[in-house]
Amino acid sequence: MSVQLNRRTILKGVGCALGLPLLEAMTPQRASAATSAAPVRMAFISFPNGAIMDSWRPNGEGESFEFCPTMQPLAEVRSHVTVLTGLAQENGFAKGDGAGDHARSSASLLTGAHPVKTSGANIRVGQSVDQAAAERIGYLTKLPSLEIGIERGRDAGSCDSGYSCAYSNSISWKDATTPMAKEIKPRLVFDRLFGTSVGGAGQSRRNRVRQSVLDLVSEQANDLKNHLGRGDQKKIDQYFSSVRDIEQRISRAGQNRQEIAVPEFETPEETPSDVQEHIRLMYDLMALAFQTDATRIITFMSANEGSNRPYRMVGVNNGHHELSHHREDEEKVEQLRKIDLFLVGEFARFLGKLKETSEGEGNLLDNCMIMYGSGLSDGNRHKHDDLPIILAGRAGGTIKTGRHIVVREGAPLNNLFLSMLDRMGSGVASLGDSTGRLKVIDS
């Protein structure tokens, strides 16, 4: 016998609560096939130091464009992708305050505001697009928003030519003076999504018995499956398999890290030592967060702005920031192309996962809009216009994808954000330096 479920149905166990993906049983039978019960989600993913634009920018415009080498990993999701060139964040440029383009690029990326130059407590920039949405619709989900990253970075002091480290280490701003702290540990992200507490008696008990979230809700899950149709049963099995896989990978990452000799001092639970696995875990957690509707708003910094991390997994042993000041040295430029390709490849893998996750009449990617980009285009010259921006997903069918759109006259990136906010139903009139909506993305 099939049952009718509420969209917010969760499974509860000792010390945890597990949301469910969108099931057929959550869609009213009287609803027409054209009606989708799926909410629209949005994410903003940043990468540092700009890109090698001649390998990034597609050839051709509209639907007939061709990907250049850096974008080739996106070929499998081409029909779900919109490449935007010509957008700018003019407040990333100096306005009488000299050097500090890296700090300004990350601080202005999602705010469209010019940061006050200070290394002290008097930081000020503007509210970011994700927090503008969270302020208005965040109450609809367990977490109003989720902020994650790969590198912690310093919380105080100067990180770029007199600019506070808060600017380089944050893209999400609750308001003009409050950066949103990002979580870099997959275990803590997982606990935020699926646990009722981080720390405290409930979490301690779970750690002692080493139980999976799925073990804690298994009895309720099995009872639920007995009342669902075959399609929903299969979807729950696939979803639980994804949760189990992430739990096991987090556990293995922690075990591998413990085998490395470390100084004898107290540390929090370690993050994966393998950067690629760390990035993939964060992307997979994002997919789970959207699939379960734990949150509809996520920001992800794949590295802090100005990051000098090497990418040895693709043969790049020099630091990223150091290489970005290449001065047309072709050997350094080629190293940067490898980094760009690697990061786009991981992004493409994430989009593929969303596309493979069925939801309603389509897939999870159909109901998302995910911006991937940087606040710099040419890192060597510190340019903040003609930015490398990708918008993936169809936002419930309201975005026409599979195109390369060249935006004329350097329209503000925040015009895109206003259009995204409209699709979240957040009713924001203006944001940062916006001058209107970016209607060219409309379907």
Side-chain angles (χ1 to χ4, degrees), residues 41-47 49-87 238 242 275-277 279-284 286-287 290-291 298 300 302-303 311 313-316 333-359 361-374 377 386-407 416 420 440-443:
R41 297 82 153 186
M42 71 177 179
F44 301 89
I45 302 164
S46 70
F47 62 91
N49 305 320
I52 300 302
M53 295 302 293
D54 63 359
S55 296
W56 171 285
R57 188 180 294 105
N59 292 317
E61 296 183 34
E63 297 179 2
S64 61
F65 77 93
E66 295 181 359
F67 283 131
C68 277
T70 296
M71 301 286 231
Q72 287 303 319
L74 294 167
E76 294 298 317
V77 290
R78 175 193 169 105
S79 62
H80 284 73
V81 166
T82 304
V83 183
L84 294 149
T85 54
L87 292 171
Q238 292 172 338
S242 296
V275 172
Q276 185 174 36
E277 176 61 7
I279 291 173
R280 289 186 173 186
L281 271 171
M282 290 308 205
Y283 272 135
D284 288 351
M286 288 175 65
F290 281 162
Q291 187 180 3
I298 302 178
F300 176 33
S302 63
Y311 290 79
M313 74 289 288
V314 291
V316 179
V333 169
E334 185 56 34
Q335 296 288 292
L336 288 166
R337 289 192 180 104
K338 290 181 180 180
I339 295 173
D340 293 346
L341 180 63
F342 167 75
L343 293 175
V344 170
E346 296 306 311
F347 175 59
R349 174 186 172 277
F350 167 58
L351 297 184
K353 192 175 189 71
L354 297 180
K355 185 180 177 183
E356 291 166 3
T357 303
S358 61
E359 184 174 71
E361 296 297 317
N363 58 66
L364 187 52
L365 185 54
D366 287 331
N367 298 311
C368 290
M369 46 183 175
I370 300 167
M371 190 213 79
Y372 175 85
S374 176
S377 51
D386 196 17
L387 297 174
I389 301 294
I390 298 169
L391 183 63
R394 293 171 175 159
T398 64
I399 294 175
K400 184 178 180 181
T401 54
R403 297 183 293 163
H404 171 211
I405 298 174
V406 178
V407 181
L416 169 63
M420 295 173 71
V440 292
I441 66 170
D442 295 347
S443 62

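This one's a predicted model, so the numbers in the text were calculated from it and none came from an experiment. Heads up: numbering here begins at 1 and tracks the sequence.
Contact detail for Ile52 and Asp340: the closest heavy-atom pair is N-OD2, 3.0 Å. Nearest heavy-atom pair across Pro73 and Gly345 is CB-CA, 3.7 Å. Contact detail for Pro69 and Leu341: the closest heavy-atom pair is O-CD1, 3.7 Å. Minimum heavy-atom separation, Ala51 to Trp56: CB-CE3, 4.2 Å. Taking every heavy atom of both residues into account, Pro58 and Val83 meet most closely at CG-CG1, 3.6 Å. Summarising the geometry of Asn59 relative to Cys68, their closest heavy-atom pair is ND2-SG, 3.7 Å, with the distance given to 0.1 Å.
Pairs of residues two or more places apart, or lying in two chains, that qualify as side chain to side chain donor-acceptor pair (under 3.5 Å) and include a residue from residues 60-71 are Glu61-Arg408, Glu63-Lys400.
The CD atom of Glu346 sits 14.0 Å away from the CZ atom of Phe47 when rounded to the nearest 0.5 Å. Atom CG in Leu351 sits 9.5 Å away from atom NE2 in His80 (nearest 0.5 Å). Gln276 CD to Leu281 CG: the interatomic distance, rounded to the nearest 0.5 Å, is 11.0 Å. To the nearest 0.5 Å, the span separating CD1 on Ile298 from CZ on Arg41 amounts to 10.0 Å. Note: Glu76 CD to Glu356 CD = 10.0 Å, rounded to the nearest 0.5 Å. The distance from the OH atom of Tyr372 to the CG atom of Leu74 is 8.5 Å, given to the nearest 0.5 Å.
By the 4.5 Å heavy-atom criterion applied to side chains, Phe342 and Val316 are not counted as neighbours.
In this pair, Tyr283 and Phe350 present their aromatic rings parallel. The plane angle is below 30°, not in the 30 to 60° band.
Listed for the Thr401 side chain is a donor-acceptor partner under 3.5 Å among the backbone atoms of Ser79. Distance alone, capped at 3.5 Å, is enough to place a donor-acceptor pair between the Ser302 side chain and the Ser46 backbone. Distance alone, capped at 3.5 Å, is enough to place a donor-acceptor pair between the Ser443 side chain and the Gly397 backbone.
Tested against Ile45 for a side-chain contact (heavy atoms from CB on, under 4.5 Å), the candidates Met282, Met371, Met286 yield a single pass: Met286.
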Q) When you look at Thr85 and Arg57, which way does the side chain to side chain donor-acceptor pair (under 3.5 Å) test go after all the steps? A) CA-CA 7 Å; Thr85 54; Arg57 188 180 294 105; 5.1 Å; no
